[in-house]
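Reading through the structure tokens given below for one structure.
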There are 2 protein chains.
Amino acid sequence: MPSKILDEHSAAHVAELFRAFSDTSRVQIMSVLLGGEKNVSVLADLVGISQSAVSHHMRGLRQMKLVVARREGKEVYYSLVDPHIITLFQQGIRHVQEE
Amino acid sequence: MPSKILDEHSAAHVAELFRAFSDTSRVQIMSVLLGGEKNVSVLADLVGISQSAVSHHMRGLRQMKLVVARREGKEVYYSLVDPHIITLFQQGIRHVQEE
DNA sequence: TTAACACATGAAGATATATTCATATGTTTT
DNA sequence: AAAACATATGAATATATCTTCATGTGTTAA
């Protein structure tokens, strides 16, 4: 029975986490990454947005440690690492599909 | 291995769901509702925002069926009903607290 | 029915966010 | 070193979002 309110600081962090998945393009990016690591231009192609837009999104996801980047030559591969984050995201997908 | 991209329509719905929890005030409201149903003015007091702001937030949460409203006299009590939503939200809290 | 209270709602202003464009950085090949 | 390619970044614009203010709606009590 955690009947207590979350303090503003913690609440802001929770909000920040959910905000990471609150954009259609980022959700599509995440959905692709569920299938394994992808580089930026592949993501841009699959999602249908510019390379620049993808890079901007990945910066945010990276800073929140929701993805990790791995450089291989000229390309940068992004992937999901945190199993809790993967679960959280998949639960979101399941919820909207249960209707 | 769902290596496939979410279509834009589904992705927009997932994004919409996460967006519901992407605001500090709404996260605080949700955290309070974890402890049981509360009416609007109590929520406003606890969260520290205006009655109007709470009503606006509750409208969004209501429309997404993340909360249900119950009128009792002059007051309207809101509560969480969907156990999957509760779990999803609690997972978000747990994630930020594991640091 | 009028007053008082609780909540909802529309409009407006302020702030945040996503995308694009131009350009910078980093890497490989010639 | 120069060219070509992949990615990152800053600035600018367009759009979305949150909050407040004023007022509307619904309910109870006088």
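Within every chain, numbering begins at 1; the chains are lettered A, B, ... in the order of the sequence lines, protein sequences first and strands thereafter. Every value quoted in this text rests on a predicted model; they were computed, and no experiment measured them.
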Check: Whole-Å distance between C:dA6 P and B:Lys38 NZ?
Finding: 18 Å

Note to self: I want to verify a distance call: between C:dC7, D:dT7, D:dT27, whose nearest atom is closest to the A:Arg71 side chain?
What the structure shows: D:dT7

Item checked: Rounded distance in Å - CE (B:Met58) to P (C:dA8) -> 8 Å

Next item on the list: For B:His57 and D:dC18, give me the distance from atom NE2 to atom P, rounded to whole Å.
Entry: 6 Å

Next item on the list: Ignoring the backbone of B:Glu75, work out which of D:dT7, C:dA6, C:dA8 is nearest its side chain.
Entry: C:dA6

Note to self: Considering every strand and a 4.0 Å limit on heavy-atom distances, what is the contact class for B:Tyr78: base, sugar-phosphate, or nothing?
What the structure shows: sugar-phosphate

Margin query: Are the side chains of B:Gln51 and B:Ser55 in contact, using a 4.5 Å heavy-atom criterion?
Written below: yes

Notebook entry, point to check: Okay, side chain of A:Arg59, backbone of A:Leu61: is any donor-acceptor separation there less than 3.5 Å?
Noted result: no

Next item on the list: Return the value, rounded to whole Å, for the distance between atom CD of A:Gln63 and atom P of D:dA8.
Entry: 12 Å

Checklist line | Donor on one side chain, acceptor on other, B:Tyr78 and B:Arg70, under 3.5 Å | finding: no

Checklist line | Residues touching DNA chain D, which here means a heavy atom under 4.0 Å, drawn from residues 43-54 of chain B | finding: B:Ser50, B:Ser52, B:Ala53

Next item on the list: Would you indicate what B:His56 reaches in the nucleic acid, counting non-hydrogen atoms under 4.0 angstrom: base, sugar-phosphate, or nothing?
Entry: base

Checklist line | Protein-nucleotide distance (A:Arg70, atom CZ; D:dA8, atom C1'), rounded to Å | finding: 18 Å

Margin query: What is the separation between atom CG on B:Leu61 and atom C1' on C:dC7, rounded to the nearest whole Å?
Written below: 16 Å

Next item on the list: Tell me which nucleotide among D:dC5, D:dT7, C:dA8 gets nearest to the side chain of A:Lys74.
Entry: D:dC5

Next item on the list: Give a yes/no on whether any side-chain N or O of B:Arg59 is located under 4.0 angstrom from OP1 or OP2 of D:dC18.
Entry: no

Notebook entry, point to check: Transitive ILVMFWY cluster of B:Tyr77 at side-chain heavy atoms under 4.5 Å: who else is in it?
Noted result: none

Margin query: Does A:Val68 form a side chain to side chain contact (heavy atoms under 4.5 Å, CB included) with A:Ser79? I'd like the steps, not just the answer.
Written below: CA-CA 6 Å; A:Val68 291; A:Ser79 56; 3.5 Å; yes

Checklist line | Residue pair A:Ile85 / A:Leu80, side-chain heavy-atom distance below 4.5 Å | finding: no

Checklist line | Positions of residues 9-29 of chain A (non-hydrogen atom under 4.0 Å from DNA chain D), listed by number | finding: none

Note to self: Keeping A:Lys38 on the side-chain end and A:Gly36 on the backbone end, is there a donor-acceptor pair under 3.5 Å?
What the structure shows: yes

Notebook entry, point to check: Which part of the nucleic acid, if any, lies within reach of B:Ser41 when heavy atoms closer than 4.0 Å are counted: base, sugar-phosphate only, or nothing?
Noted result: sugar-phosphate

Next item on the list: Taking A:Arg19 for its side chain and B:Arg19 for its backbone only, find out whether a donor-acceptor pair lies under 3.5 Å.
Entry: no

Check: Between A:Arg62 (side chain) and A:Met64 (backbone), is there a donor-acceptor pair under 3.5 Å?
Finding: no

